[in-house]
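Step one of this worksheet: look at the structure below.
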2 protein chains.
Amino acid sequence: MSSDGSVTGDDEAVRTAGRGRRGPYAKSESRREEILDRAIEVFAERGVDGTSMRAIGEAVGVSHAALKHYFPSREALLVEVLRRREARLVEDVTARAGDDFTSLRLLADATVRNAAEPGFVALHTAMLATGVLDPDGEAGEHLVARYREARGRIADDLATGVMAGRPITEVADVAALLLAASDGLQAQWLLEGGTNGDVDLVRSYGLLIDLIGTRRGAQG
Amino acid sequence: MSSDGSVTGDDEAVRTAGRGRRGPYAKSESRREEILDRAIEVFAERGVDGTSMRAIGEAVGVSHAALKHYFPSREALLVEVLRRREARLVEDVTARAGDDFTSLRLLADATVRNAAEPGFVALHTAMLATGVLDPDGEAGEHLVARYREARGRIADDLATGVMAGRPITEVADVAALLLAASDGLQAQWLLEGGTNGDVDLVRSYGLLIDLIGTRRGAQG
DNA sequence: GTCTATACAGGGATAGAC
DNA sequence: GTCTATCCCTGTATAGAC
């Protein structure tokens, strides 16, 4: 689901990432990684709202203001957490899929994974709202890119698969619909208390996938 | 879409709403209404993030702390704004629908209305995230009730309409799916800059409705 | 480059005036 | 019942030490 495979997603950081030399950003990079690790720990323990800059700073052992040398804002830091998680999810799901994977199958697998990580689903929902309120902010820019890339990839796959021969606008709409339903169902699922609640995330999403995979008769 | 038709949605307030007598809550009620009116003005001018308690307080002419006598929190106040808007939307859409309205048609009409009010769509998305992060908070409680009611009503309508004869779980899943797709598409739509962007909210949602209305072959 | 100190605005909570 | 004053905690911003 990520728009790229990088873990850091930071242009400057990428320049030196993984190399042993002591370049201008070498230390920054490892420090960034450490801060992210701590942030994820705090996040796992206290949730999104509990992950304050001061709490992360405490976990790292520095003042909250020091974090701004590595992340311009709390929003940017949380986006980075999200980015990491997305990259990990893509890896895991594509690995599991083996040879015969389609976007539809990938999406279904990702949903199963999501159902096992309610904390990250909540983070995604929160960042989506943040991005919507400010599309030019860190969350917004990341999500715009991520959704564009995902819609494009899904649409391509659909166009050469189950929707071969359909008009492009319809294919594009279905791609948007697939991502939208995932986000919306996740929200209702969390609202109902997750897996124990009345909303069955995996089953409902599976229904949409079936609907698209087996549909007939739409005039086009 | 609201779980009820009330504008205030407050049990105590409802007791005296609309009556002329000077009961214990009469003054509170008109003051609440005034605050909400001002809040909506501030909200329209400065957006969700700009609608601080202090800003509303200024518009009303009191300190931000005074607002707490009418609304326990900013979250509660914004939920009330949302509630009002939902009630208005239901009125307008049902009025327009005339005799032959189904949930499917109503949902499509509501989407057209939503596309004309991006500010409120953003508010809804923001409150949804707030509710997800804390389902027991004001936003969470309202949304849980609202979605349950909406899912139930849509499911009933589907069961006696286009989905007659289908298994109940499938009908319930489609109901959740219809609300989910609406929320998710709205988010992508706002992310892409609204009506001028690459995501066509009304068209994409219409496609889902067509998909459900004309579907065949799903094994039941 | 890394970090502390500090100041400011926001939401929330409480005490107490009237 | 209505409201101000005030305090706490948060994210953010800046100055400046090293």
If you compare every side-chain N and O of Ser73(B) against the phosphate oxygens of dG11(C) (OP1, OP2), does one of them come in below 4.0 Å? no

Atom pair distance, as rounded to whole Å: CZ in Arg74(B) and P in dA9(C): 17 Å

Please round to the nearest 0.5 Å and tell me the distance separating atom CG of Leu89(B) and atom CD of Glu86(B). 8.5 Å

Ser63(B) near the nucleic acid: base, sugar-phosphate alone, or nothing, with a heavy-atom cut-off under 4.0 Å? base

How many Å lie between CD on Glu138(A) and C1' on dT12(D), as a whole number? 12 Å

Is there a side-chain polar atom (N or O) of Lys68(A) under 4.0 Å from OP1 or OP2 of dT12(D)? no

Choose from dT10(D), dT6(C), dA5(D) the nucleotide whose nearest atom is closest to any side-chain atom of Arg54(A). dT10(D)

Atom pair distance, as rounded to whole Å: CZ in Arg32(B) and P in dT2(D): 11 Å

Taken to the nearest whole Å, CZ/Phe71(A) to P/dA13(D) is 16 Å

Comparing Ala65(B) and His64(A) on DNA chain C - which has the more 5′ nearest nucleotide: His64(A)

Nearest to side-chain heavy atoms of Ser52(B), which nucleotide of dG10(C), dG11(D), dG12(C): dG10(C)

Separation of Leu67(B) atom CG from dG10(C) atom P, in whole Å? 13 Å

Gap separating the CD atom of Glu41(B) from the CG atom of Leu36(B), nearest 0.5 angstrom: 11.5 Å

Backbone N or O of Tyr70(B) within a donor-acceptor pair of the Arg32(B) side chain at under 3.5 Å? yes

Check for a donor-acceptor pair, side chain of Arg74(B) on one end and backbone N or O of Thr51(B) on the other, with a separation under 3.5 Å. yes

How many whole angstroms separate atom CE of Met53(B) from atom P of dT4(D)? 13 Å

When the distance from CD of Glu75(B) to C1' of dG10(C) is rounded to whole Å, what number comes out? 15 Å

Please state whether the phosphate of dT2(D), meaning OP1 or OP2, lies under 4.0 angstrom from any side-chain nitrogen or oxygen of Ser28(B). yes

Among dT2(C), dA13(C), dG1(D), which nucleotide sits nearest the side chain of Tyr70(A)? dT2(C)

Expected output: side-chain Ser204(A) to main-chain Leu201(A) donor-acceptor under 3.5 Å: no

Rounded to whole Å, how long is the line connecting atom CD of Glu58(A) with atom C1' of dT10(D)? 13 Å

